[in-house]
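See structure below.
Indexing begins at 1, ligand by ligand and atom by atom, following the structure's order.
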Amino acid sequence: MTDGKFYHLECIKCGSKFDERKTATSCLKCGDSLDAIYDYDFIRQRLNTYSIKNAPISALKYLDFYPIIDLENVVSLKEGGTPLYHAENLGKKLGLKNIYIKDEGANPTGCFKDRGSLVEITKALEVGSKAICLASSGNMAASCAAYSAVAKIPCYVLVPEGTPIGKLAQTISYGARILQVRAPYSRCAELAVETAKKHNFYLAGDYVFRSEGQKSQAYEIIEQLDWNVPDYVIVPVGCGTNLSAIWKGFLDYKEVGLIKKLPKMIGVQPTGCATVYEAFDNNKKSVKRWDAIDTVCSAVAVNYPLDGNKVLKGIYKSKGRMTQVTDEETLNSEQLLARSESIFVEPSGALGIAALCQLAKNKIIKKDDTVVVVATGNGLKDPVTALKYQPAPATLEPDLDDISSYLNNKLYNLKATQISMREKELWGGQTPDINELAKYIEKEFGITITGKCLEGVHKNVARFITRGKAISEQDLQAIIEINLQEFSSKEAVLRVKDFELSVYRKKRAHAKLEIDFHGKRISVEGEGVGPVDALINGIRKGIESKDKLNFELLDYVVKIHTGGTDAAVEVRIKVNDKSGNEVVGAATSPDIIQASVDAFVRAYNALYWKNS
Ligand SMILES: *Cc1c(COP(=O)(O)O)cnc(C)c1O
Ligand SMILES: [Zn+2]
């Protein structure tokens with residue numbers, strides 16, 4: 001090998017060889033991915049087999065298998081050494097005996113990318129880089145930011161607008177210079193290449209050095225299975241770097257004689273961006289770019305996977321396969337894994353479980369097969385998606401009777417509607433009678449509600465329908481959630497019976513209201529900068545003489561449930577009183593003003609109960 005190096009870089013397609021000072025990203029001739037080709041004789045000679053077999057697992061144990069020349073520069077956060085769980089509960093549910101979960105969420109920044117950053121950031125220092133630059137859908141950003149912080153070099157990151165909040169929070173906290181770009185990941189990746197060139201930054205990303213670092217997952221799996229090779233390894237595919245890396249790790253161990261056979265590799269993608277699956281399904285050797293993609297799995301939402309062709313090579317060679325799963329299957333798997341094995345992953349991290357369920361059902365994976373599923377990232381990275389498809393937990397008054405009543409009625413059993421049912425229209429524009437409604441809720445949402453709570457839901461449903469708004473399952477779920485939040489045996493002191501608004505451009509809004517306060521009907525008028533302000537000012541005036549709370553509006557949040565201007569909105573209003581108590585009232589309606597009034601009235605009543 002040249003330069004006393006024990007490896008060189010080579011294009012996976014045209015075979016051109018490159019010096020890493022020329023390119024360590026993609027082939028300068030054909031643009032495909034690079035691979036590091038080793039002198040395995042050299043590795044075998046210097047390999048300390050005793051240490052490999054006996055030292056505790058950790059990504060640093062495998063330095064002999066990384067293309068690092070000067071170990072002085074190594075940047076490490078003690079990555080790797082993640083648990084491999086024997087998933088007995090999950091296995092029982094699927095009729096499988098030997099299911100193992102490699103929990104990559106246990107890495108320093110909560111994702112396998114740290115293994116790659118170990119090698120990549122080390123290489124950046126080795127070639128004397130002064131700053132690094134990359135595009136990311138979030139996890140690589142957090143990882144590179146963390147490694148750059150300890151390496152004491154600046155890190156510039158381009159992420160798509162709307163990147164999950166856990167990942168953004170990490171990246172910012174590690175001190176990276178983060179740019180949110182109004183474009184999908186693939187455009188960010190192109191821009192990162194150009195930015196790196198123009199500003200002379202080291203370009204990090206799904207390239208060969210990262211891939212070499214991520215091989216350690218395979219080494220650890222072998223050791224954790226007592227030096228046995230699993231039958232299958234299931235890996236989510238975004239850019240495809242990780243699946244290729246894990247496959248390469250198994251090849252390395254076979255080359256140096258640590259294992260005799262190889263596993264079958266199974267890659268999994270969401271149906272909304274199944275680029276590699278499509279190529280596999282058509283027996284192709286190369287992956288086509290997709291124009292548009294659509295999935296909740298943001299970490300794999302890639303329309304052109306840089307290492308897609310590398311993945312195909314590994315899949316064919318290992319006699320494995322690609323699979324595709326729907327977002328619904330993935331989100332159900334996220335819950336299934338958490339509930340059966342107490343491993344909480346982000347949606348992309350659950351893809352492997354979704355694939356496992358599918359392959360078990362189709363009898364492709366059999367009872368005695370040993371299967372390792374790579375759970376790629378920690379669930380706290382993207383809590384918003386997990387919450388979005390789960391019912392919001394109820395909020396109760398601090399009252400033991402209310403708590404007992406809630407528990408006795410088993411209202412914690414509230415299930416979320418299935419994603420495929422969310423848009424389904426209910427009752428075709430006719431308000432159901434209250435018993436029919438109760439039955440439907442029992443069947444679809446798993447709970448029995450009665451009394452005031454059921455009446456509240458019924459009234460809310462009727463209001464949707466009389467306003468001419470089709471009611472969907474998702475709307476109904478929101479209505480139930482909100483009424484459960486108001487789950488209380490107490491009587492409301494404030495009610496708004498009716499209101500009328502006049503709003504003109506360039507004039508203050510004017511409201512006329514009929515309210516019930518402590519059982520007394522009051523007619524009032526109010527003015528304000530906008531309609532909601534005018535209504536609340538009217539209420540304030542009406543209750544002035546008897547109001548002891550001296551409430552103040554602290555926060556006003558509007559969330560739109562579905563698309564379009566006729567969407568149902570959810571309003572949350574936070575109020576406090578003069579002694580500093582704070583409560584939130586929530587309501588949902590196709591009419592934002594109605595939702596605001598309802599939310600305010602609920603907040604006021606809750607505040608009143610707090611004071612009495
Ligand atoms: C990056 C990432 C993936 C996809 O890995 P690739 O190497 O891009 O194929 C999957 N899951 C999570 C959580 C990730 O962060
Ligand atoms: Zn090439």
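- Atoms of ligand 1 lying under 4.0 Å from any heavy atom of G240, numbered from 1 in the order shown and given with element: 6 (P), 8 (O), 9 (O).
- None of L243, D307, V311 except one satisfies the side-chain contact (heavy atoms from CB on, under 4.5 Å) rule with V276; the exception is V311.
- A donor-acceptor contact closer than 3.5 angstrom is absent between the side chains of S286 and N309.
- Of all the atoms in ligand 1, the ones that sit under 4.0 Å from a non-hydrogen atom of V300 are 3 (C), 4 (C), 10 (C).
- Looking at E223 and K61, a side-chain N of the basic residue comes within less than 4.0 Å of a carboxylate O on the acidic one, giving a salt bridge.
- Residue-level proximity to ligand 1 for M140 is absent, since no heavy atom of it falls below 4.0 angstrom.
- For atom 4 (C) of ligand 1, the nearest non-hydrogen atom from the set G238, G110, C111 comes from G238.
- The single protein non-hydrogen atom nearest to atom 5 (O) of ligand 1 is F112 CZ, 3.4 Å, given as residue, atom name and distance.
- Of all protein heavy atoms, the one lying nearest to atom 8 (O) of ligand 1 is C239 N, 2.8 Å.
- Within ligand 1, the atoms closer than 4.0 Å to a non-hydrogen atom of E346 are 13 (C), numbered from 1 in the order shown.
- Against a heavy-atom cut-off of under 4.0 Å, V237 is close to the following atoms of ligand 1: 9 (O).
- Take the Zn ion (ligand 2) as the corner point: the lines to SG of C30 and to SG of C11 open at 100°, to the nearest 10 degrees.
- Under the side-chain hydrogen bond (donor to acceptor under 3.5 Å, both in side chains) criterion, the residue pairs touching residues 119-132 are Y7-K123, E20-K123, E120-R210, K123-E126, with sequence neighbours excluded.
- The shortest N or O to N or O distance between K113 and ligand 1 is under 3.5 Å.
- Of all atoms in ligand 1, numbered sequentially from 1 with element shown, those under 4.0 Å from a heavy atom of G377 are 13 (C).
- Look at D369 and K366 and you find no salt bridge, because none of the NZ, NE, NH1 or NH2 atoms lies under 4.0 Å from a carboxylate O.
- Considering backbone and side-chain N/O of S348, none are found under 3.5 Å from N/O of ligand 1.
- In terms of protein heavy-atom proximity, atom 12 (C) of ligand 1 is nearest to T376 OG1, 3.3 Å.
- No close placement of the Y85 and Y100 rings is indicated, their centers lying 6.0 Å or farther apart.
- With a 4.0 Å heavy-atom cut-off, ligand 1 is reached by the backbone of N242 and by its side chain too.
- Between D35 and K248 a salt bridge is recorded (basic side-chain N to carboxylate O distance below 4.0 Å).
- Side-chain contact check for E346 and N139: at least one donor-acceptor pair (N or O, by modelled atom type) lies under 3.5 Å.
- The shortest N or O to N or O distance between G349 and ligand 1 is not under 3.5 Å.
- Ionic pairing of E220 and R115 is present here: one or more N-O contacts between side-chain nitrogen and carboxylate oxygen are shorter than 4.0 angstrom.
- Residue D252 forms a side chain to side chain donor-acceptor pair (under 3.5 Å) with just one option from Y219, W247, Y38, and that option is Y219.
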